[in-house]
Amino acid sequence: MSTSNPVIARAEAFCAAYGLRVPILLAPMAGACPASLSIAVANAGGLGSCGALLMQPAAIKVWAAEMRAGSNGGFNLNLWIPDPPATRDAEAEDAVRAFLHGWGPEVAREAGDVSPPDFAAQCEALLEVGPTIISSIMGLYPPPFVERMKAKRIKWFANATTVAEAKAAEAAGADVIVAQGMEAGGHRGAFDAAKAQTELVGLFALLPAIVDAVKVPVVATGGIADARGIAAALTLGASAAQIGTGFLRCPEAKLAPAWADAIGRTLPEQTLVTRAFSGRPGRAIATAYARAATAPDAPDPAPYPVQRGLTQAMRDAATKNNDIDRIQAWSGQSARLAMAEPAGNVVRELWSGAQTLLR
Ligand SMILES: Cc1cc2nc3c(=O)[nH]c(=O)nc-3n(C[C@H](O)[C@H](O)[C@H](O)COP(=O)(O)O)c2cc1C
């Protein structure tokens, strides 16, 4: 690498600060980030990552132990900042249950009574594990937790989908902003769920705007899945690129084969942002269920996490049967670029290609 190139020099400075050899971060992906994937990315010089949203404290500790056994690289543990409790509406939920019966097993009324793992207990587990980085999405950690994180010298990476969110995160003490463009696969990280489908900013507009608005380093995420995307993101001011969908076809991701295969053939216009799986807007492949559930005659999905509970039986059956029509097939708009290769090869190919473009 040549440090005379300011774009590469910025990425090198970021790598030096976080003990990386390559400015590529595996995106935290709840339900799709086995330690095997992080180990492969970290051993190739990138950053491993765990989306711990759905994990109990014990499972978070097991993940970290497995990661540390497989790699001495740093890693990122990620949580969602909880939304206010959902308002329930039995009649509306009945309409969703009736609709879902056309797509899977009958849904019991109690299926909507889901209680996600206790956030405070998850936070304690994160501090106990003591990763290099703790990241957030959907909001900001409470100030006392930020103080405790900083006392342990853990860095805070905060996901932002708008300039206003990025500035709020910096003011709250975030060490790095992760600028999430609306191309991104999975849930959109809008702090206010009600704005997730109206404030849809693409990465080419969002990234330079956030870089200009904050003093801390910015990581780019959303629709980056090849060397061109990485080179573009770094040129637009990012210090590193965070990739989710681009790693989901790697064997270490252990994805349902129908989902991994569909990622390989999905064009940008064949994904959509929908509340139909969880109640929070997220980008998924426009599968048969996703299209039917977003049609004008479909019932309005219940709020998060009620909808997640209501769709659980369908999603479980779909994964078991490897049925892409009903799988919760999160995917970013650059899905087609994802390589079905070991993750270490992906990291090496992407970074060597980006360096060639940046020279
Ligand atoms: C399957 C899946 C699960 C995700 N889960 C989380 C999560 O738990 N926490 C989070 O901060 N972001 C999550 N995301 C968003 C990613 O961190 C990242 O923003 C996104 O993957 C970037 O876009 P790309 O998929 O086009 O690379 C998820 C994305 C996917 C595809």
Side-chain angles (χ1 to χ4, degrees), residues 24-34 37-38 41 46-55 60 63 76-82 116-117 119 122 126 133-141 156-161 165 169 176-191 196 201-203 206-207 219-226 229-230 233 238 240-250 253-256 259-260 262-263 266 268 271 273 277-278 280-285 304-305 308 315 319 327-339 346 350:
I24 295 178
L25 283 47
L26 172 65
M29 292 186 279
C33 57
L37 184 56
S38 281
V41 170
L47 184 79
S49 185
C50 172
L53 163 75
L54 303 169
M55 293 161 74
I60 294 173
W63 187 98
N76 161 26
L77 295 181
N78 167 274
L79 287 179
W80 285 27
I81 310 303
F119 178 67
Q122 288 178 314
L126 261 48
I133 295 155
I134 287 178
S135 67
S136 56
I137 187 163
M138 317 295 186
L140 304 172
Y141 283 112
W156 175 21
F157 285 25
N159 190 89
T161 60
E165 289 175 359
V176 168
I177 304 298
V178 179
Q180 187 195 42
M182 61 92 165
E183 302 89 337
H187 286 97
R188 286 191 40 70
F191 292 6
V201 189
L203 192 62
L206 182 67
L207 181 56
V219 167
T221 201
I224 303 173
D226 72 357
I230 294 172
Q242 179 179 276
I243 297 177
T245 306
F247 282 116
L248 287 180
R249 294 183 73 205
C250 302
K254 301 175 182 162
L255 220 61
W259 179 9
I263 285 175
T266 293
T271 69
V273 174
F277 289 106
S278 72
R280 253 270 187 184
R283 187 174 293 284
I285 298 174
Y304 182 89
R308 174 170 260 161
R315 292 184 289 109
T319 306
I327 284 178
Q328 175 178 269
W330 298 130
S331 170
Q333 291 183 324
S334 295
R336 192 187 54 87
L337 300 174
M339 293 188 278
V346 173
L350 293 191

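Numbers here simply count residues along the sequence, with the first being 1. Start at 1 and go down the list; that is how both ligands and their atoms are numbered.
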*Should the proximity of I137 to ligand 1, defined as any heavy atom under 4.0 Å, be assigned to the side chain, the backbone, both, or neither?*
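I137 to ligand 1: side-chain contact only, backbone stays beyond 4.0 Å.
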*asked:* At under 4.0 Å between heavy atoms, is it the side chain or the backbone of M29 that contacts ligand 1, or both, or neither?
replied: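 Both backbone and side chain.
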_Does the plane of the ring in F119 sit parallel, tilted or perpendicular to the ring in Y141? Use 30° and 60° as the thresholds._
parallel
Give the residue, atom name and distance (to 0.1 Å) of the protein heavy atom nearest [atom].
{"atom": "atom 19 (O) of ligand 1", "result": "Q180 NE2, 3.0 Å"}
{"atom": "atom 13 (C) of ligand 1", "result": "P28 O, 2.9 Å"}
{"atom": "atom 9 (N) of ligand 1", "result": "N78 OD1, 2.8 Å"}
{"atom": "atom 27 (O) of ligand 1", "result": "G244 N, 2.9 Å"}

*asked:* Would Q242 and Q180 count as a side-chain contact (heavy atoms from CB on, under 4.5 Å) here? Give the steps.
replied: CA-CA 9 Å; Q242 179 179 276; Q180 187 195 42; over 6 Å; no
*asked:* What I want to know is whether T245 and ligand 1 share at least one N or O pair that is separated by under 3.5 angstrom.
replied: yes
*asked:* Is there a polar contact, in the sense of an N or O pair closer than 3.5 Å, between Q333 and ligand 1?
replied: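 Checking ligand 1 against Q333, no N or O pair falls under 3.5 Å apart.
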_The one among G186, A184, G185 that brings a heavy atom closest to atom 15 (C) of ligand 1_ =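 Residue with the shortest heavy-atom distance to the ligand atom: G185.
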*asked:* Among G246, S136, A27, A30, which one puts a heavy atom closest to atom 5 (N) of ligand 1?
replied: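 That would be A30.
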*Evaluate the side-chain proximity of I263 to L255: yes if any heavy-atom separation is below 4.5 Å, no if none is.*
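They are in contact (side-chain heavy atoms under 4.5 Å apart), so the answer is yes.
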_Minimum side-chain heavy-atom gap M55-C50 below 4.5 Å_ = yes
*Taking W63 for the side chain and C33 for the main chain, is one N or O donor matched with an acceptor at less than 3.5 Å?*
yes
*asked:* Please check: side-chain N/O of S38 versus main-chain N/O of S49, any donor-acceptor pairing under 3.5 Å?
replied: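 Between the backbone of S49 and the side chain of S38 there is a qualifying donor-acceptor contact (under 3.5 Å).
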*So is G223 close enough to ligand 1, meaning a heavy atom under 4.0 angstrom away?*
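Yes.
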*Any T221 heavy atom less than 4.0 Å from ligand 1*: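 T221: in contact with ligand 1 (<4.0 Å).
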*Residue among N76, L37, L47 satisfying side-chain contact (heavy atoms from CB on, under 4.5 Å) with L26*: L37
*Supply the atom-to-atom distance L53 CG to I81 CD1, rounded to the nearest 0.5 angstrom.*
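Output value for this atom pair is 11.0 Å.
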